[in-house]
Protein chains: 4
Amino acid sequence: MKKIRIGLIGTGYIGRCHAIAYSQVSTVFSLDAELELEYLAEITPELAIQKAKEFGFNRSTGNWRDVVCDPNVDIVDICTPNFLHKEIALEAIKAGKHIYSEKPLALDAKDAKIMYEEAQKAKVKTLVGFNYIKNPTTQLAREIISKGEIGEVVHFYGTHNEDYLADSNTPLDWHCIKEKAGLGALGDLGAHIIQMAQFLVGSDIKRVIGDMETVIKKRPNPNDIAELLDVENEDQASALIRFDNGCMGSIETSRIACGRKMGLSYVITGTKGSIVYTQERMAELKLYLHNEEPARQGFKTILTGPLHPDYKNFCISAGHGIGFNDQKTVEIRDLINGIASDSIIYPDFEEGFKVSRVLDAIALSHHKKCWIDVDSIA
Amino acid sequence: MKKIRIGLIGTGYIGRCHAIAYSQVSTVFSLDAELELEYLAEITPELAIQKAKEFGFNRSTGNWRDVVCDPNVDIVDICTPNFLHKEIALEAIKAGKHIYSEKPLALDAKDAKIMYEEAQKAKVKTLVGFNYIKNPTTQLAREIISKGEIGEVVHFYGTHNEDYLADSNTPLDWHCIKEKAGLGALGDLGAHIIQMAQFLVGSDIKRVIGDMETVIKKRPNPNDIAELLDVENEDQASALIRFDNGCMGSIETSRIACGRKMGLSYVITGTKGSIVYTQERMAELKLYLHNEEPARQGFKTILTGPLHPDYKNFCISAGHGIGFNDQKTVEIRDLINGIASDSIIYPDFEEGFKVSRVLDAIALSHHKKCWIDVDSIA
Amino acid sequence: MKKIRIGLIGTGYIGRCHAIAYSQVSTVFSLDAELELEYLAEITPELAIQKAKEFGFNRSTGNWRDVVCDPNVDIVDICTPNFLHKEIALEAIKAGKHIYSEKPLALDAKDAKIMYEEAQKAKVKTLVGFNYIKNPTTQLAREIISKGEIGEVVHFYGTHNEDYLADSNTPLDWHCIKEKAGLGALGDLGAHIIQMAQFLVGSDIKRVIGDMETVIKKRPNPNDIAELLDVENEDQASALIRFDNGCMGSIETSRIACGRKMGLSYVITGTKGSIVYTQERMAELKLYLHNEEPARQGFKTILTGPLHPDYKNFCISAGHGIGFNDQKTVEIRDLINGIASDSIIYPDFEEGFKVSRVLDAIALSHHKKCWIDVDSIA
Amino acid sequence: MKKIRIGLIGTGYIGRCHAIAYSQVSTVFSLDAELELEYLAEITPELAIQKAKEFGFNRSTGNWRDVVCDPNVDIVDICTPNFLHKEIALEAIKAGKHIYSEKPLALDAKDAKIMYEEAQKAKVKTLVGFNYIKNPTTQLAREIISKGEIGEVVHFYGTHNEDYLADSNTPLDWHCIKEKAGLGALGDLGAHIIQMAQFLVGSDIKRVIGDMETVIKKRPNPNDIAELLDVENEDQASALIRFDNGCMGSIETSRIACGRKMGLSYVITGTKGSIVYTQERMAELKLYLHNEEPARQGFKTILTGPLHPDYKNFCISAGHGIGFNDQKTVEIRDLINGIASDSIIYPDFEEGFKVSRVLDAIALSHHKKCWIDVDSIA
């Protein structure tokens with residue numbers, strides 16, 4: 001069996017989740033290739049050594065360029081802060097590597113487009129870490145919609161709200177700085193619900209008009225609490241959207257939504273039924289079907305189980321539950337098998353680019369105070 | 001004690017709810033005046049006689065003008081279809097009657113403005129039936145916000161979604177005809193959430209941009225099922241909004257939202273906490289406070305009870321629950337006591353006019369594809 | 001139309017709820033008789049006068065015996081503390097009056113039996129105020145079960161938990177004194193869930209074994225907080241039960257269940273489905289049907305509406321909600337129409353007696369530490 | 001660092017979950033020893049080879065005795081059907097191995113006692129797979145209780161209900177045969193809630209009285225559907241319980257509870273608050289504290305996160321969720337670290353024996369129709 005060798009760059013929050021998923025994926029799924037945790041890069045050689053040991057990688061380095069060029073690396077896995085995605089990806093593409101990048105793909109759609117086009121030219125495989133669509137529950141939602149069980153989708157409402165910056169005393173970090181993060185809540189969280197919207201409705205977003213606001217305009221300097229620094233991007237944003245297929249919708253995102261820890265949610269209305277979901281109850285899909293006996297109609301709470309996509313590999317009993325890292329495990333299965341069998345991987349850099357366009361269109365529409373066509377961007 | 005005499009016009013859906021509320025209000029509350037159910041009008045004398053008997057009214061008529069002019073009527077209660085509100089109200093004002101009108105106040109903001117101004121000139125008291133703000137739970141939400149418990153409100157998301165026209169086989173009725181209903185979902189349902197938004201945030205909506213759609217474009221003629229007639233107003237609408245105080249928000253409304261029976265809901269985010277509510281669980285307010293001990297934070301489900309506004313008059317035990325008509329009962333208490341004591345009644349025709357302006361601004365913004373200032377309307 | 005005249009004794013908590021229900025019942029329902037609020041008794045003539053005015057009764061008295069003997073009273077409505085039920089009921093029966101009594105029927109099954117037998121001999125109509133079974137949602141549950149939709153019922157779990165005495169500083173009141181209240185949580189709350197169990201399962205409880213405890217053994221004397229008095233009956237009780245039809249079950253009740261305001265709930269398991277309900281969400285019935293497509297199974301949340309028993313008289317739209325007093329309104333409709341048409345009223349003194357037997361059997365089984373046959377009681 | 005070598009026996013349902021947990025545990029946690037997946041036994045050499053490859057074990061065998069005696073195995077991990085637990089464990093103890101056994105420990109308390117006593121004599125470490133208590137949410141519940149946040153616990157209600165045998169057409173399997181499974185629902189599911197009760201209340205169960213029933217008395221022979229075979233143990237059981245510390249409670253378990261997929265749940269009432277939990281929403285703990293401001297009281301939904309026990313090793317953001325296998329991962333961490341540091345492991349064979357005693361006491365009390373002291377068993 002073919003061996004596929006991983007080069008991981010970045011071991012913070014999400015890098016660690018990748019590592020956990022790598023460790024279990026070959027046990028959970030029957031992969032089409034053998035996975036080798038080959039090379040790991042961190043900001044210093046010392047940290048890289050420590051993390052390589054912790055995550056079970058063969059080798060380590062303090063310089064990400066070593067990973068990108070290494071002949072024994074097949075996939076470059078980019079888990080760095082957003083502003084490094086582009087440079088690393090372009091170097092990796094140049095070296096002919098497949099790429100597994102965290103979202104958002106780039107700081108703006110212009111950069112994302114370059115990355116997507118270069119990857120396409122180089123014929124390398126790509127995957128962007130929109131992991132929540134890999135959850136069996138959201139896969140089930142997509143299955144219900146694509147089978148027409150709720151009829152034609154006529155409205156999509158989606159949110160990704162969290163509260164990690166709700167406290168005005170939380171010091172400024174890279175998320176709040178334009179040249180490090182690009183957009184604020186939109187880039188960090190909104191990217192997920194926009195991508196999920198396109199996945200679920202089965203159509204791209206075509207037109208948007210948005211509104212946004214930096215509610216907490218200054219935050220303490222992390223190195224000198226007494227000093228206040230400017231927050232450079234939005235804390236919250238809302239947008240009306242229209243999909244290519246004509247479906248109406250709206251999207252909201254916030255990083256200051258007090259009480260929301262994992263407020264990725266959707267309400268999808270069709271001509272024959274509706275679906276309601278929140279990632280905070282990630283095992284439950286609520287489904288309403290209009291054609292049931294009138295006096296027995298209601299939203300049904302379906303607990304995901306072995307009859308739903310990809311669940312049974314984790315556990316053969318329903319309702320026992322999968323976790324955040326298990327979603328990443330499904331994602332890695334898609335990546336590895338897609339490369340091994342040279343088949344289409346989704347969501348790839350093209351989708352990453354499309355999401356970036358929507359994000360930029362929302363920001364632009366806010367400034368121009370009018371609707372923006374998404375394909376007028378980049 | 002002063003006697004206040006009611007003249008009820010219209011006994012359909014909401015007229016019946018008024019009648020039930022009238023029947024119990026003097027037992028539930030200690031009113032500042034004695035209530036007399038004096039005169040009732042319906043479309044025919046026969047129906048009026050029957051309903052007067054059923055609802056306990058002294059006299060009846062097949063002509064609403066009799067009620068409006070009757071010297072023994074103090075309050076004209078308008079429960080007719082929307083298109084009659086204006087004419088009846090203006091006649092009643094001319095006759096010096098106080099007016100209790102169902103929402104929406106008029107078919108458009110221009111008419112609503114005339115009604116509000118005439119009522120003001122005539123110094124008659126008015127109340128518009130935005131009954132849901134009279135629920136103890138929503139009154140509690142307002143109390144929490146006005147006391148600053150969730151800090152400054154930075155985002156308001158609200159919906160009023162129902163599914164009474166979700167089925168494309170449901171024949172056309174007056175709700176779908178412009179000259180009878182004015183707007184569609186916006187006028188019938190959106191009016192409630194817009195008024196509630198202003199009540200809860202404590203600020204008027206200043207600017208809007210909306211999108212709307214008539215999803216089901218034709219419906220069977222109720223008199224000849226084989227014939228299809230045009231639906232003349234929107235099935236669903238969404239809007240981004242900004243309040244006078246700068247607060248961001250968005251609003252959605254639909255009459256084809258499969259599965260939603262009473263989908264009036266709000267999510268209010270403040271700088272120190274959040275509130276979540278849906279009228280389908282009308283006894284529960286969810287409250288999150290950011291300043292609680294970090295490892296014990298969470299949304300608290302408060303079941304309304306005797307410690308919350310107006311609840312204890314119905315029952316002195318918490319969680320025992322009040323119903324739809326009980327909200328109307330609180331509303332009538334406000335009306336009667338406001339008249340008896342010559343004090344301010346809320347929400348009155350001014351608020352009804354303000355809501356109509358927002359509705360018209362949303363519709364206009366949809367057609368013009370740009371943000372509309374609410375006070376540019378009417 | 002026949003006139004039926006009410007004599008109300010007691011105007012506290014539940015007496016007030018009766019009064020509210022009386023005030024609206026003739027508007028909500030089309031009754032088979034005309035209702036007259038004739039006579040009201042309270043502990044003093046002054047209080048009686050005040051309450052008669054407040055509740056709209058024609059006459060009042062400070063002596064309940066006046067009501068019982070009055071030739072212009074048809075129904076004696078007993079809303080006094082428990083210990084007076086028996087004496088008043090027996091006097092009323094002697095006077096040939098129909099009786100509407102609050103639960104529990106008597107302080108023990110022996111007394112309840114006498115009341116039931118005397119009423120039967122006198123051929124007067126009786127109704128005991130187990131109002132929660134009149135809620136459309138619980139009526140729907142009964143309908144689902146009796147139609148066999150969940151197959152044969154094989155397990156019933158029910159609770160009635162509240163927290164009105166959870167605080168050990170709450171002074172002693174009559175609920176805690178045996179000769180005033182009889183049993184503690186069992187008599188006050190457990191009576192409801194036991195009666196509801198029999199109603200829903202459609203079979204009487206045959207055998208029980210219970211456990212109970214007075215958790216807070218002493219409480220402040222209400223007249224002298226420094227003094228502690230003995231609590232004479234149980235704060236909480238649990239029992240295993242078997243119904244006549246063989247169905248297994250268990251019951252719990254508590255008056256110190258922190259956080260439960262209206263914790264009347266049931267989980268009913270059948271061979272083909274299940275039902276879950278809590279009175280704190282009184283508009284929602286959760287229904288699971290085993291024979292649905294496996295990958296689409298789940299508990300459905302049915303919001304009660306006009307298609308469910310007795311709902312449409314309050315409002316013709318689903319999900320708009322009815323309240324506690326509306327349940328009493330349905331109860332009074334059953335009482336008045338049962339008397340007017342001389343038909344069976346449920347739940348009557350026989351059912352009240354059966355419930356008392358179960359309560360006494362649970363208490364006895366606790367003391368004897370063994371299973372008790374219910375029909376060995378009284 | 002010391003190496004600890006695993007010998008896994010059985011690779012069905014739960015064996016597979018162990019394998020997934022083994023694969024990720026060293027990445028998730030910083031273990032005190034190096035884990036080696038050494039030896040795997042299955043029913044045939046062929047299946048063993050396949051599973052060893054799938055799960056990453058070094059060697060395999062078709063005979064479990066090879067694993068038990070192997071000098072390179074430190075821990076024998078027993079994932080076989082229940083009836084084999086005893087024999088394998090005793091052989092392993094004889095060989096001086098530490099033991100990780102699935103629940104229930106044995107078919108009855110007599111056997112469990114032998115296993116516990118032999119392990120104790122041999123001074124080997126043991127752990128029984130009551131994995132649900134390793135969930136951060138239930139660990140949080142224990143923390144809240146042990147810190148006295150809800151005061152003294154006065155009532156415990158717990159269930160473990162599932163529906164895997166709800167369908168009477170499901171053929172007979174080993175769960176239904178006494179000599180293979182011992183008890184039915186009690187042994188398979190009840191064991192979990194009983195152990196969890198003791199963990200959460202912090203006291204052993206002392207006295208019980210139970211009721212049980214085999215609802216579906218015959219099931220198809222899996223090898224000949226036309227033939228019906230006897231079900232030899234209970235489908236459902238209920239019991240009243242008393243803990244050593246006097247706390248009252250009750251327990252229910254069923255394998256035919258239509259709609260319940262993971263119905264492990266508890267309601268814990270204390271003198272100052274309450275806790276409510278269901279494993280179907282495994283990330284949510286509901287907490288009510290009586291001493292909050294009266295008009296702001298309610299059950300708070302705490303979403304587990306990095307501030308709660310063992311969560312942050314999986315993900316540093318709250319509400320992102322852990323899955324079933326992650327609980328097993330925590331369990332294995334406890335096992336490995338307990339052995340490496342020679343410290344106490346919980347829950348061990350002593351706890352497994354105590355649980356078996358309670359199970360047998362419930363069954364005996366059902367047959368004797370009276371309360372049974374748990375320490376009178378075995």
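Within every chain, numbering begins at 1; the chains are lettered A, B, ... in the order of the sequence lines, protein sequences first and strands thereafter. Below, each value reflects all heavy atoms present in this structure, side chains not excepted, and no hydrogens, waters or symmetry copies.
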Residues which pass salt bridge (Lys or Arg N to Asp or Glu O under 4.0 Å) with C:Lys3, listed by chain and number, not counting sequence neighbours: C:Glu36
Please look at B:Glu162 and chain C and tell me whether the side chain, the backbone, both or neither of the residue comes under 4.5 angstrom of a heavy atom of that chain. side chain
Does the cation-pi check pass for B:Arg255 over B:Tyr164, that is, NZ or CZ under 6.0 Å from the six-membered ring centre and within 45° of its axis? no
Could you tell me whether C:Asp188 and C:Lys103 make a salt bridge, using a distance below 4.0 angstrom between a side-chain N and a carboxylate O? yes
Quick check against the 3.5 Å criterion: does B:Thr253 have a side-chain atom that pairs as donor or acceptor with the backbone of B:His160? yes
Does any heavy atom of chain C fall under 4.5 Å from the side chain of B:Asn131, the backbone, both, or neither of them? neither
Worked verdict on B:Tyr100 versus B:His18 for ring pair (Phe, Tyr, Trp, His ring centres under 6.0 Å): CA-CA 10 Å; B:Tyr100 176 21; B:His18 283 225; 4.4 Å; yes
Over 60° means perpendicular and under 30° means parallel, so tell me whether B:Phe324 and B:Tyr13 are parallel, tilted or perpendicular. tilted
Counting heavy-atom pairs under 4.5 Å with chain C, the top scorer among B:Ser317, B:Ala21, B:Gly263 is B:Ser317
Where does B:Ile322 contact chain C at under 4.5 Å (heavy atoms): side chain, backbone, both or neither? backbone
When you compare the side chain of C:Ile6 with that of C:Tyr22, does any pair of heavy atoms fall below 4.5 Å? yes
Once salt bridge (Lys or Arg N to Asp or Glu O under 4.0 Å) is applied, do any residues pair with B:Glu54, and if so which ones, sequence neighbours excluded? B:Arg16, B:Lys51
Got a salt bridge between B:Glu34 and B:Arg5, using NZ or NE/NH1/NH2 to carboxylate O under 4.0 Å? no
If you tally heavy-atom pairs under 4.5 Å between each of B:Ile14, B:Val25, B:Val28, B:Thr27 and chain C, the highest tally belongs to B:Thr27
Carboxylate-amine/guanidinium proximity below 4.0 Å for C:Lys180 and C:Asp173: no
Can any side-chain N or O of C:Asn337 pair as donor or acceptor with the backbone N or O of C:Leu31 at less than 3.5 Å? no
Proximal to chain C - members of residues 280-289 of chain B, heavy-atom separation under 4.5 Å: B:Glu280, B:Arg281, B:Met282, B:Glu284, B:Lys286
Among C:Gln327, C:Gln279, C:Arg260, C:Met262, which has the most heavy-atom pairs under 4.5 Å with chain B? C:Met262
Under 4.5 Å, counting heavy-atom pairs only, tell me which of C:Gly259, C:Ala318, C:Gly305, C:Ala19 racks up the most with chain B. C:Ala318
Output the residues of residues 132-139 of chain C for which the shortest heavy-atom distance to chain B is under 4.5 Å, in residue-number order; output 'none' if no such residue exists. C:Tyr132
What part of B:Ser26 lies closer than 4.5 angstrom to a heavy atom of chain C: side chain, backbone, both or neither? backbone
Tell me if the centroids of the rings in C:His320 and C:Phe314 come within less than 6.0 Å of each other. no
Side chain of B:Glu42, backbone of B:Thr11: donor and acceptor closer than 3.5 Å? yes
In terms of heavy-atom pairs under 4.5 Å, which option from C:Cys17, C:Ser23, C:Cys315, C:Gly319 contacts chain B the most? C:Ser23
Would you say that C:Val330 contacts C:Phe29 through its side chain, given a criterion of any heavy-atom pair below 4.5 Å between the two side chains? yes
Part of C:Asn313 within contact of chain B (heavy atom distance under 4.5 Å): both
